[in-house]
> 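Here it is, the structure in full.
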Amino acid sequence: MANSRVITHPLSRRQILKGGAALGLGSAAALSLRPSWANPWGQTNVYSKGVEEGPEVSLAIRRESILIDGKEARPFSINGTSPGPMIRLKEGQDAVLKVTNLLDEPTSIHWHGLILPPGMDGVPGVSFPGIAPGETFTYRFPVRQNGTYWYHSHSGLQEQLGHAGPLVIDAAEREPFRYDREHVLLLTDWTFEDPMSVFRNLKTAEGYYNFQERTIADFFADVREKGFAATAEMRGMWAKMRMSSRDIADVTGSTYTYLLNGHSPEENWTALFRAGERVRLRVINGSAMSYFDVRIPGLKMTVVAADGQPVQPVPVDEFRIGVAETYDVLVMPEDDTAYTIFAESMDRSGFARATLAPREGMAAEIPERRKIADRGMEAMGAHGMEGMDHSAMGGSDTQGMDHSGMNGSDMQGLDHSSMQGMDHSNMQGMSNERSRINANGMLAAGAAQPGSRYDQAGIGIDPEARRMLVYRDLKAFTPWPDRREPERELELHLTGNMERYMWSFDGKKFSEVTGPIHFEKDERLRLILINDTMMEHPIHLHGMWMELENGQGELIPRKHTLNVKPGERVSALITADAEGSWAFHCHLLYHMDAGMFRVVKVS
Amino acid sequence: MRKTLLTLALGLATTAAFAGAGHGGSQAAVSDADIDRTIRLEAGDMWFNAENLDIAPGDTIKFEIVNTGNLEHEFVIGDAKAQEEHREMMQAMMGSGDGGHGGHGGHDMAEGEHGGSMPSVTIAPGDTAELVWTAPQNVDGLEYACNIPGHYEAGMSGNIDLQG
């Protein structure tokens, strides 16, 4: 074990030798300060040794000049690489993670998705004071879980500049799937701008990075299709909501270079396999702001874990990964040929790309990018805005959007299943909701809330095009131990004002709330999240699992980050067994910084 | 939907062709005395405890498969192509986009229409099932698998070496 080293070299001798065996472009790049886990051969066995192997690991944080996409950049580095090295722990270990701050500003590391003591969670001001310049903080915690996770700075906007890395925990017992080789695929969104100026731009001019705004040409196209009145009315509606219908992401490919394992699409990082192998891909979305749709044309992907937790296998063609989520998929490339790993940003403004190939230097075709989706389509259920009575929208901001006007109107081609979530008042009595109501008037544990859209992947996806993973698919193998029905419900609205770049819970920014959200120690509660905004929000609770009530009854999956789609109502069960203070926030970095953040106190 | 139906139709057509070619043994016609060998296999989530079996051509095998997992599993013998077709059909039967209900709709297919051509048995969690099968003389190798959607991909397959 290499525990004695204070600062480990980014590449072990063994890996350099391995890389030398296949001196292709990827290896050459790997020698120039690439993360060591981005070894093209991956791990051949889940128990084989990586570089930053636990239980004792030392990490040094610096700011240094490193080439990104071939250009001069100054990211945060961890042990000399950016993104940082993979940390590999084993379930049952007592981890000792020493983090040394060699910056001239405070820093921190949060171990995303790990269940650990509150003082070890790494959120400055909540779990500890942070790590001052020149200081070393030693994190110590028992490793009580396994799977694919990640770590990142929880200080300011540092995470935007590469202060993140993969965290893999090997299982103590056999996992419910089998594979021959594994690769980590860490997705990030890099900007050559100063994150503070990105934030300022967002605050001063919404749509700053959105070059896909509707133009006058779009306007005339709409007029041709829909007539002048309807078009003007639609525009008016979006203006009233202080949103543009093309706000899919607020920071886009116009400033971002999307990276896979630290490499730009042009650099084409290569993951190697031998034909016939089952390959496990540990996909982590370590982005600050970007959702991705991931697919490998020519290969079926079988999803076997979500947020580190095993799920019953689901073969899919594509999956959407929200910021901070992780998915483990298995692929079986039978042919001795190259496949493109294609991660298209949800707003279609760019993509990350790598190649899965039997040899270095190969490439497969890069799929065509899909066209930008229009929020109008999704917000209204799918199709057919025509005939909608928009008068109901008048005066309302996004909060409490009242779609009651839609009920009697002629909604051509509208898929009513996708309407859930639009009109909350009417949903309660809907007879097709097959859920049980308990004596206390609450839905039975595991039932999907009216207003959830777990059978939809979200905006910009054609469900007919290919089999897409949806939240409804996620199903645990065994019921989690706490089978109590929830004793109470806690409802939180996700709120925002896009134009002024204010993001909040229940209309209040973090700076405006007086105290934490209180969970009674050991209570069983249902958290209901209602998204009143027109954007997706990946909501992350520290310290405790959220059991996503996706309708799978006692086999509902555990997650650390829940994607809540626009207008959607999502619920999760929580066992409040972790005494202490925990962060709870939207994992879109600038939303969190703008105020979509709360402290949860369990006592 | 149209695509789904087409896949299904193709699946059935190929299955019929296989049945016509007449490989695979009949379970009912074999008595205990005819059994050359008993192989005990464990089916867990998501694996069989063996990944390779050497079997002599012409031998009549009694498989005893115990399901130690949490989910229902199947044990199907066939060549790689037939297994893949079976898998595609079961996936289509599941209906895409809904992992929730109709989860095991494909099963009747496995034992019904497939029964003639691909020896198969379905095992509930905790149960043990038996399958008697005579290894063909004219094939080098076959696969065994669980083709419930996702199970094969997650690891539930193995090779039968029939080269003697």
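Every chain is numbered from 1, with letters handed out A, B, ... down the list of sequences.
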> Between A:M301, A:K300, A:Q312, which shows the greatest number of heavy-atom pairs under 4.5 Å with chain B?
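Counting heavy-atom pairs under 4.5 Å, the top option is A:Q312.
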> Tell me, side chain or backbone of B:D45 under 4.5 Å from chain A's heavy atoms, or both, or neither?
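Backbone plus side chain of B:D45, per the 4.5 Å heavy-atom cut-off to chain A.
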> Can you find a heavy atom in the side chain of A:P315 that is under 4.5 Å from one in the side chain of B:Q91?
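Side-chain contact under 4.5 Å: yes.
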> What distance do A:L299 atom CG and B:E153 atom CD have between them, rounded to the nearest 0.5 Å?
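Rounded to the nearest 0.5 Å, the CG-CD separation comes out at 11.5 Å.
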> Keeping A:R278 on the side-chain end and B:A154 on the backbone end, is there a donor-acceptor pair under 3.5 Å?
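A pair under 3.5 Å: no.
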> Assess whether a salt bridge exists between B:E51 and A:R178, defined as any Lys/Arg side-chain N lying under 4.0 Å from an Asp/Glu carboxylate O.
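So B:E51 pairs with A:R178 through a salt bridge.
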> Please test A:F177 against B:H151 for side chain to side chain contact (heavy atoms under 4.5 Å, CB included), starting from the C-alpha separation and ending with a verdict.
CA-CA 8 Å; A:F177 44 87; B:H151 292 209; over 6 Å; no
> As a quick check of understanding, evaluate side chain to side chain contact (heavy atoms under 4.5 Å, CB included) for B:M46 and A:F477, giving each step before the final call.
CA-CA 11 Å; B:M46 297 282 172; A:F477 278 93; 3.4 Å; yes
